[in-house]
Amino acid sequence: MTELSKAYDPAAVESDLYADWIAAGLFHADPDADGEPFSIVIPPPNVTGSLHIGHALDNGIQDVLVRRARMQGRNAVWIPGTDHAGIATQNVVEKQLAAAGTDRHELGREAFVERTWQWREESGGTILRQLRRLGASCDWEREAFTFDESRSNAVREVFVTLYEQGLIYRGNRLINWCPRCRTALSDIEVEHTDTQGELLRFRYEFADGDGSIEVATTRAETMLGDTAIAVHPDDERYTDLVGREVRHPFQDRTFAIVADDYVDPEFGSGAVKITPAHDPNDYAIAQRHDLAVIDIMDDEARLTDVVGERFAGLDRFEARRAVRDALDEAGLLVGVEAHEHAVGHCERCKTVVEPRLSDQWFVSVRPLAEKAAQAVRDGRTVFVPESRTKLFLEWLDNLHDWCISRQIWWGHRIPAWYGPDGEIEVSRTDVDREGWVQDEDVLDTWFSSQLWPFTTMGWEGPDSDTPELATWFPTSVLVTGYDINTFWVSRMLMISLWLHDEVPFRVVHNHGLVRDEFGKKMSKSFGNSIDPLDLIDKYGADATRFALLRSAAPGVDVPLAEEWVEGAKRFANKLWNVAAFALQRLEGTEPGDLPDADALTLEDRWVLSRLESMRAEVDAAYDGYEWSVVCRGLYHFAWDELADWYLEAVKVRLYGDDPEAAAAARAVLAVVLDDLLRLLAPVMPFVTEVLWRALTTSPGGRASLMVADWPQARDTLDAGAERDFAVLQDLVTEVRKFRSQNDIAPKVRFGITVASTHRDLLQAQAPMLEALAGLSELAFVDAIEDRPGTSTIVFGGGSCQVELAGLIDVEAELARLTKELAKAEGELQRVEGKLANGSFVERAPAEVVERERARRGELLEQISQLREQVDALEAL
RNA sequence: GGGCGGUUAGCUCAGCUGGCUAGAGCGCCUCGUUUACACCGAGGAGGCCGGGGGUUCGAGCCCCUCACCGCCCACCA
């Protein structure tokens with residue numbers, strides 16, 4: 001046992017405790033150890049990142065899960081690591097180069113990659129270091145990196161396997177291109193935002209000079225690559241025109257009008273200009289009609305020479321204006337109107353994405369998606385909340401092939417080699433032959449992170465047979481925001497089922513996004529973001545975790561304000577003081593067996609019953625990922641029941657002169673506190689550990705709450721005790737109310753005369769009642785006889801009479817009573833109405849009707865007493 | 001264009017399969033230096049549970065409808 005300081009100071013204990021846990025090896029797990037396996041792999045944060053509030057929530061939840069699993073005796077591991085984050089990391093290093101007045105091309109590929117590795121050695125560990133501040137109990141000996149040797153071997157193995165199975169192919173197709181990053185992007189790396197643009201209507205003149213046809217576009221510059229005009233085959237306005245040629249106004253060429261179902265006759269003129277190289281729909285039409293494809297832009301989205309001298313070299317946005325002016329000049333512009341439409345932006349740098357035709361590598365996702373969908377439908381992986389399931393399945397159903405090649409340098413190089421005669425070889429080992437060169441591109445970051453649940457356990461190929469895989473794969477649960485279900489969760493499911501015929505995780509727990517206290521998204525630019533490290537500095541890791549989890553429910557966004565974290569710190573401090581009190585009074589009593597039933601007082605039986613009911617509720621909430629319920633249950637029990645009532649009630653015995661009674665009280669208090677600390681430990685690991693160690697002298701001397709047993713159900717539910725205690729609470733509360741409303745100082749003690757059906761109970765508990773309500777004595781009578789100069793306090797179980805002489809302010813008391821009377825009469829009216837309703841009495845369950853009848857009785861009683869009191873006061 | 005979620009006290013939210021005399025935290029008001037805690041204690045004020053309709057003995061909870069807000073998905077120029 002140790003003395004506790006007056007207030008809890010998180011900073012004073014957290015780092016030492018964390019070091020202590022590490023030194024004791026408590027985070028490290030052994031696949032061969034006993035216990036039902038439990039495993040989580042961290043969603044690897046980008047090496048470029050630093051801990052933001054969303055990570056704090058995500059990892060806080062994971063830590064809660066793994067800490068509880070350990071206490072439950074499971075063989076639990078939490079594997080940490082980071083993602084090399086291809087484009088994001090490359091951008092960071094490129095910015096540094098730009099600041100230094102150079103760029104990656106000047107540096108050269110090899111030196112650039114070298115430099116990026118160096119950057120990651122120096123700065124890449126930031127976020128994992130910060131996670132330690134949060135208390136994350138990761139098995140740091142197992143830290144992995146998506147781009148380290150083992151993970152890279154796995155990536156190559158998977159690429160080659162899928163290639164051999166025909167699921168990876170190279171093709172010249174229209175992809176999303178970021179002209180700033182100068183790389184291809186997958187569909188989901190494109191963010192669509194509604195943008196106000198212009199819809200330009202203009203005419204193409206027929207080649208024979210006889211008339212024209214009107215088309216519309218939001219991207220005027222693309223007309224420089226038009227190779228057809230499409231109309232709907234059933235559109236009578238144009239039936240005769242199909243097959244006719246139009247002349248390009250700025251280029252010396254003509255092209256035809258074609259008919260295609262894709263065209264919506266209702267939109268615009270019903271005729272669509274077709275730019276196969278720069279629009280996915282147009283590309284599809286071009287394929288159907290065997291149209292020419294003219295690529296008009298370079299990789300920075302500048303127009304190339306093919307568009308003709310007038311526009312060559314212009315940026316696409318300059319060109320948009322230039323083409324518009326040129327059309328106007330040529331008398332072809334029909335009109336310009338404001339037009340809102342969705343424009344795709346690069347997820348990483350927010351540049352407008354350009355559809356572009358190029359040679360890329362793709363994964364054919366259909367077969368993989370089907371397996372994944374089936375596994376989810378079969379419940380082999382379940383989503384929490386369940387409502388995400390449907391969304392996820394629908395998304396899987398509509399997947400397009402996945403473009404996996406990126407024209408950047410930081411990432412896994414594609415294991416394909418090209419021979420001098422255009423041969424391609426995809427290989428597990430480097431091709432080192434004269435004249436052969438490796439593909440310049442690297443793989444999408446998600447290609448490696450999709451393998452994470454098994455590569456972190458040492459999988460590098462079908463022959464891998466590590467104990468980690470045997471024990472911990474599939475993982476137990478994956479914790480992420482719902483925002484990356486598509487990016488990552490889906491791909492892990494697909495690839496894992498495809499390669500192993502096994503789901504990567506049994507549960508996907510989606511939490512929400514952290515928002516500010518008004519529900520606004522936290523963002524640096526908006527100035528409402530909160531730095532979790534600041535919170536930890538100011539309020540402690542426990543408070544930060546508790547505040548986040550307290551408003552977290554599956555799939556629901558989490559609002560957070562700094563004051564709420566402050567509130568959580570106050571909770572930690574409250575616990576601290578509860579324990580401080582206990583330490584003073586326990587006199588060495590250790591948590592152990594409960595005293596015999598006959599040694600338990602009413603408040604003991606009450607608190608043990610409440611404890612058990614809280615334990616059951618909280619335990620179930622842990623199982624259901626209902627974090628706010630977990631937190632609320634623990635908070636409410638600790639503060640409103642243990643501290644406010646039990647501790648106060650138990651003082652009578654602790655300060656009393658009956659040693660046996662005091663010993664029993666101490667034994668119960670020790671057990672209750674011990675269970676509470678255990679149940680709270682996963683959420684607030686630091687303060688609970690300090691207090692638990694202070695309250696427990698373990699024989700080994702170095703025991704930790706981290707590996708203490710998780711509380712089991714106790715046979716202590718006691719409805720009778722709860723009912724009886726509620727009577728006492730009600731009496732105490734009513735007396736306090738009377739005192740407060742009549743401005744009677746706390747020091748002033750007064751006696752009451754009680755008439756109650758619970759006379760024996762109240763009589764037995766008189767010392768406690770006197771202590772809690774500040775009474776000088778309790779006298780008992782069969783019935784209150786109303787007398788002038790007295791007031792009657794009604795409580796749920798009877799009433800008591802107070803001599804008013806010298807105690808109260810008559811006017812104020814009268815006003816209060818009148819108001820209360822009106823309220824009671826109003827409610828009586830409601831109850832009478834219900835009971836007067838024949839069908840209610842007939843059809844409602846008997847117990848419900850009975851409850852209303854009883855309520856009527858109580859109200860009648862209360863009203864008559866109130867009336868008597870009013871009369872009595874008025875007589876004064 | 002499609003889908004999902006929300007609308008309950010000043011703010012942020014709980015309210016499970018309909019029985020609520022609708023709760024919590026923060027904020028607000030009054031009182032209080034009672035020997036665990038002023039990072040506290042006691043008490044209090046404050047809600048036509050978004051609008052309208054329906055089902056039911058009974059609706060914050062179920063159904064329909066409208067309004068507003070938020071999010072996700074989407075290759076109509």
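Letters A, B, ... mirror the listed sequences (proteins, then strands); counts begin at 1. Predicted model only: the values in this text are computed from it and were never measured.
- Nucleotide A22(B): unpaired (no Watson-Crick or G-U wobble partner with both distances less than 3.5 Å).
- Base pairing of C4(B): its partner is G70(B), meeting the Watson-Crick or G-U wobble criterion (both donor-acceptor distances under 3.5 Å).
- Remark: C1' of G6(B) and OH of Tyr482(A) are 12 Å apart, rounded to the nearest angstrom.
- Between Lys737(A) and G44(B) there is a side-chain polar atom (N or O) within less than 4.0 angstrom of OP1 or OP2.
- Side-chain nitrogen and oxygen atoms of Lys574(A) include at least one within less than 4.0 Å of the OP1 or OP2 phosphate oxygen of G41(B).
- Between the side chain of Ser269(A) and the backbone N or O of Glu214(A), at least one donor-acceptor pair lies under 3.5 Å.
- In this structure, the nucleotide among C37(B), G25(B), A77(B) sitting nearest to the side chain of Asn573(A) is C37(B).
- Contact annotation: Tyr655(A) reaches the phosphate of A36(B) (side-chain N/O to OP1 or OP2, under 4.0 Å).
- Pair check for U30(B) finds A42(B); Watson-Crick or G-U wobble, both atom distances under 3.5 Å.
- Counting non-hydrogen atoms under 4.0 angstrom, Phe571(A) reaches nothing in the nucleic acid.
- Taking atom C1' in both C64(B) and A77(B), one finds a spacing of 39 Å when rounded to whole Å.
- Within 4.0 Å of His341(A), counting heavy atoms only, lie sugar-phosphate atoms of the nucleic acid but no base atom.
- Taking atom P in both U21(B) and A14(B), one finds a spacing of 22 Å when rounded to whole Å.
- Picking from A36(B), C76(B), C37(B) the nucleotide with the shortest atom distance to the side chain of Asp264(A) gives C76(B).
- Within the 4.0 angstrom heavy-atom criterion, no nucleotide atom of any strand lies near Ala284(A).
- The gap from the P atom of U65(B) to that of C48(B) amounts to 27 Å, rounded to the nearest Å.
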Using residues 649-656 of chain A as the side-chain source, report each donor-acceptor pair under 3.5 Å to any protein atom, sequence neighbours left out, with the distance given to one decimal.
unit_1	atom_1	unit_2	atom_2	d
Lys651(A)	NZ	Glu648(A)	OE1	3.3
Lys651(A)	NZ	Glu648(A)	OE2	3.1
Arg653(A)	NE	Glu603(A)	OE2	3.3
Arg653(A)	NH1	Asp604(A)	OD2	2.9
Arg653(A)	NH2	Thr601(A)	OG1	3.1
Arg653(A)	NH2	Glu603(A)	OE2	3.1
Arg653(A)	NH2	Asp604(A)	OD1	2.7
Arg653(A)	NH2	Asp604(A)	OD2	3.2

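- Tyr539(A) has its OH atom 16 Å from the C1' atom of G25(B), to the nearest Å.
- If you check A77(B), A36(B), G3(B) against the side chain of Tyr262(A), the one that comes closest is A77(B).
- Nucleotide A42(B) holds its P atom 16 Å from the CG atom of Leu731(A), rounded to whole Å.
- Taking side-chain N and O atoms only, Lys651(A) has a distance below 4.0 Å to OP1 or OP2 of A36(B).
- Atom CG in Asp743(A) sits about 12 Å away from atom P in U30(B), given to the nearest Å.
- With a 6.0 Å cutoff to the six-membered ring centre and a 45° limit on the axis angle, Arg736(A) counts as a cation-pi contact of Trp645(A).
- Nearest to the side-chain atoms of Asp644(A) among the listed nucleotides A36(B), G41(B), A77(B) stands G41(B).
- Pair assignment for C49(B): none, as no Watson-Crick or G-U wobble contacts are both less than 3.5 Å.
- Listed nucleotides G43(B), G32(B), C4(B) differ in distance to Ser740(A); the shortest reach to its side chain belongs to G43(B).
- Comparing the same atom, P, in G3(B) and in C66(B) gives a spacing of 14 Å after rounding to whole Å.
- Across the P atoms, G50(B) and U8(B) are found 6 Å apart, a figure rounded to whole Å.
- When the P atom is used for both G52(B) and U12(B), the distance is 23 Å, rounded to whole Å.
- Contact annotation for Val841(A): no contact, since no heavy-atom pair falls under 4.0 Å across all strands.
- Nearer the 5' end of RNA chain B, as judged by each residue's closest nucleotide, is the contact made by Glu566(A), out of Leu199(A) and Glu566(A).
- Of the two residues contacting RNA chain B, namely Val272(A) and Lys747(A), the nearest-nucleotide position lying further toward the 5' end is that of Lys747(A).
- No contact: Ser551(A) has no heavy atom under 4.0 Å from any strand.
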Can you check nucleotides 14-19 of chain B for protein contacts, nitrogen or oxygen pairs under 3.5 Å, and list what you find?
unit_1	atom_1	unit_2	atom_2	d
A14(B)	O2'	Arg632(A)	NH1	2.9
A14(B)	O2'	Arg632(A)	NH2	2.9
G19(B)	O2'	Arg851(A)	NH1	3.0

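- In this structure, His511(A) atom NE2 and C72(B) atom C1' are separated by 16 Å, rounded to whole Å.
- When Watson-Crick and G-U wobble pairs are counted only if both distances are under 3.5 Å, C61(B) pairs with no nucleotide at all.
- Among C39(B), G43(B), A77(B), the nucleotide with an atom closest to any side-chain atom of Arg736(A) is G43(B).
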Restricting both atoms to N or O, compile the protein contacts to nucleotides 26-28 of chain B shorter than 3.5 Å, with distance only.
unit_1	atom_1	unit_2	atom_2	d
C26(B)	OP1	Arg570(A)	NH2	3.3

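- You'll find that the side chain of Thr733(A) is closest to G43(B), out of A77(B), A36(B), G43(B).
- Among the protein residues, Arg550(A) comes within range of the sugar-phosphate backbone only, with heavy atoms under 4.0 Å from sugar or phosphate atoms but none that close to a base.
- Counting non-hydrogen atoms under 4.0 angstrom, Glu648(A) reaches a base of the nucleic acid.
- Atom P of G60(B) sits at a distance of 29 Å from the matching atom of G43(B), rounded to the whole Å.
- Atom P of G44(B) sits at a distance of 34 Å from the matching atom of G58(B), rounded to the whole Å.
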